[in-house]
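In this text the structure is predicted, and so the values were computed from the model without any measurement. When a residue number appears, it is its place in the shown sequence, counting from 1.
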Amino acid sequence: MAGQRVVAAVAVALGVCLLQLPAASRGQLQVGFYNTSCPNAETLVRQAVTNAFANDSGIAAGLIRLHFHDCFVRGCDASVLLTSPNNTAERDAAPNNPSLRGFQVIDAAKAAVEQSCVRTVSCADIVAFAARDSVNLTGGVSYQVPSGRRDGNVSVAQDALDNLPQPTFTAAQLVASFANKSLTAEEMVVLSGAHTVGRSFCSSFLARIWNNTTPIVDTGLSPGYAALLRALCPSNVNASTPTTTAVDPSTPATLDNNYYKLLPLNLGLFFSDNQLRVNATLSASASSFAANETLWKEKFVAAMVKMGSIEVLTGSQGEVRLNCSVVNNRSSSAAGMETSYHYYSGSTMSVDEVASS
């Protein structure tokens, strides 16, 4: 019965969210976009995600994060999937490399869809569908994803550095970062709840446990928790050190509201997590979600749908990629790679070390 109530509440919230989307998004993205052109598209994506999840349950968190990192940079256009010959695409930037994962699942889903419907379903929509299916597998919540996105052909590492919120952000920086994408402060708190699943590399919280070099004095980490983290992550680790830890140490594989329950116990892993506790306005939202999981889940899926409409390409904009990692008509041949590099021009600068978000 509880599960049915959650699903019913989510359905109502989703309907409200669709009405709140900008008119352009409502008119161009639509639920069931592929019903005629590729009716089994969403089923094929779900199968690819389910198969990957059976082998590695952690992949669900990776796919949710992949969607977020795509939408926050140039909009939800699958630009995060593109590669470049000199490693200067979004996926090569420090917030994404080496922590971002799920690329192989998107490739598997794309291959299955292409066998059924050639050049019909965009990589951007596949990323959105995969994130939705991951939410369902880890949180037991189903919802519909408006689709019709087109794929972009530009991917620049610096854009990821400039747009993705960082784990060292203050409350003001977090709110501003989400506001830049037309998401409210509450929606920022809601989407931060995705930290209840997945793992983090040491580099994302190293300053909290060793040097306390975060922008402001940080006293929001339990001494006992900090000691455990120091034992796991020596002070000399770097972004390439493969050691990881669960962001939510209690229920790391379940999309639930436990993340919010950990914050008042000083068990938020990132400096940015603790900002949801120390800021009065953000804390009020976090506390309401800690007390009511149904409320959080209905707001979470609504926020995911809204996030999925950020700066989308639709209609004749962009393209539908045949291969999600390269733009069309630019194969792996030398000439193709040289032409493809044109789309990353201006991104040859070195990538500064930034903690993974």
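The CG atom of D125 lies 9.5 Å from the SG atom of C76; values are rounded to the nearest 0.5 Å.
A heavy-atom distance below 4.5 Å is not found between the side chains of W210 and C202. In this structure, P95 and L161 have side chains that are in contact, with non-hydrogen atoms separated by less than 4.5 Å.
Residues P165 and F68 come closest through the heavy atom pair CG-CZ, 3.8 Å. Between L29 and P146, the shortest heavy-atom contact is CB-CB, 3.9 Å.
For F169 and F271, the ring centers sit 6.0 Å or farther from each other.
F53 and L255 end up in the same hydrophobic cluster when Ile, Leu, Val, Met, Phe, Trp and Tyr side chains are linked at under 4.5 Å. In this structure, L276 is a member of the same hydrophobic cluster as L295, with clusters built from ILVMFWY side-chain heavy atoms closer than 4.5 Å.
A search for ring pair (Phe, Tyr, Trp, His ring centres under 6.0 Å) contacts involving F129 returns nothing, not counting sequence neighbours. For Y259, the ring pair (Phe, Tyr, Trp, His ring centres under 6.0 Å) partners are H195, not counting sequence neighbours.
When each of P252, S200, S204 is tested with V247 by the rule side-chain contact (heavy atoms from CB on, under 4.5 Å), just one qualifies, namely S200.
Between the side chains of S142 and N136, at least one donor N or O sits under 3.5 Å from an acceptor N or O.
A donor-acceptor pair is defined here as one N or O able to donate and one able to accept, closer than 3.5 Å; such a pair exists between the side chain of D92 and the backbone of T88. Judged purely by atom type and a 3.5 angstrom limit, N97 has no side-chain atom pairing as donor or acceptor with the backbone of R91.
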